[in-house]
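A short write-up of the structure that comes next.
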Amino acid sequence: MIIKILLIAGALGFGVLVLRDTVPGHNLVRRIGGLVVVVLGIVAVLWPTLTVYVANAVGVSRGTDLVLYVFVMVFLYSTAATAQ
C-alpha cells in the first residue's frame, strides 16, 4: 500500500512539472501528452491487472512487458524531442 501512495505522489509531482508555465518549449500538445502519461500511470498503479488485460488485447503476454515497451517508446520520444 505504501508503494502505491509513493508512485501516485510521484506521478502527481510529474503532472505538476508538466503544467508549470516556466518550462521552456512546452506547448499544449506536450502538456496534454504528459498529462495522459500521468493519468495512465495512476490507473496502472491503482488497477495493475488492467495492464494484463490491455497487454493480452494487443498481443503481449504480460502487463509488465507492455509497460516496459511503452516506457521505452516514451523515453525515445522525449530524448529525440529534446536533442539539439
Side-chain angles (χ1 to χ4, degrees):
M1 181 65 174
I2 293 174
I3 189 66
K4 285 187 177 187
I5 294 170
L6 292 173
L7 290 171
I8 291 172
L12 291 174
F14 174 71
V16 169
L17 289 176
V18 166
L19 291 177
R20 283 191 334 179
D21 289 333
T22 59
V23 178
H26 273 194
N27 57 17
L28 181 63
V29 174
R30 287 186 183 174
R31 289 182 183 181
I32 290 173
L35 290 179
V36 167
V37 169
V38 168
V39 170
L40 290 176
I42 291 173
V43 168
V45 168
L46 292 176
W47 298 285
T49 56
L50 188 60
T51 60
V52 177
Y53 297 130
V54 174
N56 289 333
V58 297
V60 179
S61 60
R62 298 185 310 169
T64 305
D65 292 341
L66 178 64
V67 170
L68 177 65
Y69 300 153
V70 170
F71 172 74
V72 168
M73 292 297 117
V74 169
F75 176 75
L76 290 174
Y77 168 77
S78 65
T79 302
T82 57
Q84 294 294 336

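Hydrogens, waters and symmetry mates play no part in the numbers below; they use all other heavy atoms, side chains included.
- Cluster annotation: I3 and F14 are assigned to the same hydrophobic cluster (Ile/Leu/Val/Met/Phe/Trp/Tyr, side-chain heavy-atom contacts under 4.5 Å, transitive).
- In this structure, the side chains of I42 and L12 come closer than 4.5 Å at one or more pairs of heavy atoms.
- Closest heavy-atom contact between L35 and V18: N-CG1, 4.4 Å.
- Note on L40: it does not cluster hydrophobically with V67, by side-chain heavy-atom contacts below 4.5 Å among ILVMFWY residues.
- Note on V60 and V70: same hydrophobic cluster, where clusters join Ile, Leu, Val, Met, Phe, Trp and Tyr whose side-chain heavy atoms are under 4.5 Å apart, directly or indirectly.
- Within the structure, salt bridge (charged side-chain N to carboxylate O under 4.0 Å, His left out) contacts touching residues 52-73 (residues at least two apart or in different chains) are R62-D65.
- Here L68 contributes atom CG and M73 contributes atom CE; the two are 9.5 Å apart, rounded to the nearest 0.5 Å.
- The hydrophobic cluster containing V43 also contains L7, counting ILVMFWY residues as joined when their side-chain heavy atoms lie under 4.5 angstrom apart, directly or transitively.
- Linking Ile, Leu, Val, Met, Phe, Trp and Tyr residues whenever their side-chain heavy atoms come within less than 4.5 Å places V74 and Y69 in a single cluster.
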Going by atom type alone, with no hydrogens or angles, which donor-acceptor pairs under 3.5 Å involve a side-chain atom of residues 46-57 and a protein atom two or more places apart or on another chain?
| residue | atom | partner | partner atom | Å |
| --- | --- | --- | --- | --- |
| T51 | OG1 | P48 | O | 2.6 |
| N56 | ND2 | V52 | O | 3.3 |

